[in-house]
There are 2 protein chains.
Amino acid sequence: MKPVNLKRLAEELNLSIATVSRALQDSHEVSAATKERVRALAAALHYEPNAYASSLRRNQSKTIGVVIPKVTNHFFSLAINGIEEAARQSNYHVLIYLTHDDHAREVAIIQHLKGGRVDGILLSVASGTEDIAHIQSLAPANIPVVFFDRVCAEIATANVTTNDYESGYQATEHLLAAGCHHIAHLLISNNLSIGRNRQQGYLDALQAHGLPPDADLVLPDTTNRAHNEELLRELLQRRPDIDGIFASVEHLAVSAYHVCRELGRRIPEDVKIVGFSNLESVSLFDPPLTTITQPAHDIGREAARILLRALEKKRPILPSQSVVLNSELVQRRSSEQG
Amino acid sequence: MKPVNLKRLAEELNLSIATVSRALQDSHEVSAATKERVRALAAALHYEPNAYASSLRRNQSKTIGVVIPKVTNHFFSLAINGIEEAARQSNYHVLIYLTHDDHAREVAIIQHLKGGRVDGILLSVASGTEDIAHIQSLAPANIPVVFFDRVCAEIATANVTTNDYESGYQATEHLLAAGCHHIAHLLISNNLSIGRNRQQGYLDALQAHGLPPDADLVLPDTTNRAHNEELLRELLQRRPDIDGIFASVEHLAVSAYHVCRELGRRIPEDVKIVGFSNLESVSLFDPPLTTITQPAHDIGREAARILLRALEKKRPILPSQSVVLNSELVQRRSSEQG
DNA sequence: TTTATTTACGTAAACGTTTTCAGTAAATGG
DNA sequence: CCATTTACTGAAAACGTTTACGTAAATAAA
């Protein structure tokens, strides 16, 4: 079976390839009658343009790369949803890459993407990332990048985040208002922008209420679930005065539930918990978890839109800008006043 | 700044483009010394081959397309994880497309993918899909497709699924053993393979225990959450004899919890619930939800591997085959015997 | 009428890579 | 010593598109 490409269409219609190409692009240089003939045959033969030939020639791929730590975190699932929505509206395609929070993998992915496979990148940096040379190398390669959620302050570009500092502050204050005096912070990572901001909010809220910071009460994620729970168990046993937990990432809140159960600490009577989470079903938890819920879908969509808007210009330079979409504290029973 | 491509490398090294290309592919037709020179300069200039030129010439994109209903369903998140893992190991890329269970969107996506953007497709069909002409058109276009989870029996290709029939049977039998006599089935869709299989398992289990089928007790998903809950509420009120619920998709189990709470039906005392779910945190539910847990990650990885293996041959024909990975019933309190 | 301008199409180059085909020089075999 | 192979390299075509340029005819302006 002969392939159906422009050449084939041109032959069957006794036209040149150029005219066929132009007809399909609805160019004004082609008569209405010819356009109609071309379109009819293209439809009949189910012509589909070769994306690679087109990309090669136009030097643009109509594709954006999404580089994220993991897709099992519900935040990123929702964000992908928003990204796909925006991309589809602009006829763009979405390539997904997972770093698994591994710096080396992130470097390899970014390096590869410089080959022109994508026109732009949406990035949420890996927690293992400290050196950012690979990200900086994108600018000279003319590949714009928009950070979402986990940003990289050293790079001048567009960021879309949520109000992490305020959320950390608010969560902490919420626990204080509920009567907590010794609040632990289960921290996503102090290497990440979001981790630092949430931690700072936590610290400032304590200070505002006259409580001294206590490094002993801050537990960063080890990326190993069993290990996390062990550290937390050890902490709760060593510090029976802990009466509040602020988990700055979903899975740590879940771990906190498990450990509290195991140790017989009642929630919220003995320990009150607030956690970042985008899981709808937290309302079914026992007890329902008070959450900081991020506008994940909107964050993804907004980041994609900014990127896509920039890509429509010939020289996609992204001005430094920060879009902040607010998270929401949803109060449930896990932090109710005893 | 001059672009760094094969031409540039060739010029700087006083070699032909052909030799540079061959050197980078470690061809035996190039001397070791030349290879070394080429590699050194390529590394120094951070040469990255243009993926589109390469794809165009070789007529293969090193990319697979993943077409799924939604990414917010945890099953698909986990599956993507497995797919990405397999793809990365084979140096393949992953394009994501969401159908949102909309047939028209699925058709458009598939049609577009015939343009050569992907070498193969992993597909989990939309619940709205009845006509499968668009899928059938992939074979003549030489694009292999592997179904996972939601298969299309009419198409002769590889399928990767879980043992849906047995799971439906097992879940129902589990509820019967726990003392239920009137078991409702909240069905994902009777248009989907998985829906039909789970429903058949449910029916057969009832029959095996001498219970007549009751169409009144089967509620298919309406894809509208509020509407689902309304129908369920109405059902539970109309049929106070219902003492067991089998939800063949996660979000319907969650809805069942909400409605039961609202109506004051105690779980598991009044109504016992079993649901398909891949959410880890169901163990924190009140009460913890008994689940059928699918090996989602493995299903994705296996489907991807089968596809990738086929793509390595020059003429990727996938023999009809069905790989079945077993789901697991994890018993928790929501189905405990009163 | 002559000269611009517009309309509609064709020719051919280009995008960056891979690969076929030749070609040269050196090495090997008889 | 000639014939043949081997080792390396280059020229050029090809993949399917887009687009700058050219051109002929038709129309408008003079």
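First the proteins, then the strands, lettered A, B, ... as listed; each starts at 1. Both backbone and side-chain heavy atoms feed into the values below; hydrogens, waters and symmetry mates do not.
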Within the structure shown, what part of the strands sits under 4.0 Å from [X] by heavy-atom distance: base, sugar-phosphate, or nothing?
| X | answer |
| --- | --- |
| Ser31(B) | sugar-phosphate |
| Leu15(B) | sugar-phosphate |
| Asn50(B) | sugar-phosphate |
| Thr34(A) | sugar-phosphate |

Report the distance from atom [atom1] of [X] to atom [atom2] of [N], rounded to the nearest whole Å.
| X | N | atom1 | atom2 | value |
| --- | --- | --- | --- | --- |
| Asn5(A) | dA14(D) | CG | C1' | 13 Å |
| His28(B) | dT9(D) | NE2 | P | 13 Å |
| Arg58(A) | dT17(D) | CZ | P | 12 Å |
| Leu9(A) | dT17(D) | CG | C1' | 12 Å |
| Glu11(B) | dG10(D) | CD | P | 13 Å |
| Ile17(B) | dA14(D) | CD1 | C1' | 14 Å |

Report yes if the side chains of [X] and [Y] come closer than 4.5 Å at any heavy-atom pair, otherwise no.
| X | Y | value |
| --- | --- | --- |
| Gln60(A) | Lys62(A) | yes |
| Leu308(B) | Gln89(B) | no |
| Leu6(A) | Tyr47(A) | yes |
| Thr19(B) | Leu13(B) | no |

Response to the item:
At a 4.0 Å cut-off to heavy atoms of chain B, the contacted part of DNA chain C spans dG16(C) to dT20(C)
Worksheet entry | 5'-most by nearest nucleotide on DNA chain C - Asn14(A) or Lys7(B) | Asn14(A)
Practice prompt. Please list, chain by chain and in numerical order, all residues satisfying side chain to side chain contact (heavy atoms under 4.5 Å, CB included) with Ile143(B), sequence neighbours excluded.
Written response: Lys114(B), Ile121(B), Leu138(B), Ala141(B)
Worksheet entry | Residue pairs involving residues 143-162 of chain B (criterion side chain to side chain donor-acceptor pair (under 3.5 Å); sequence neighbours excluded) | Asp101(B)-Arg150(B), Asp149(B)-Gln294(B), Thr162(B)-Ser327(B)
Worksheet entry | Check: Glu106(B)/His134(B) side-chain N/O donor and acceptor closer than 3.5 Å |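 Indeed, the side chains of Glu106(B) and His134(B) share at least one donor-acceptor pair under 3.5 Å.
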Practice prompt. For Ala53(B) and for Ala18(B), locate the closest nucleotide of DNA chain D by heavy-atom distance; then report the residue assigned to the nucleotide nearer the 5' terminus.
Written response: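 Its nearest nucleotide lies further toward 5', so the answer is Ala18(B).
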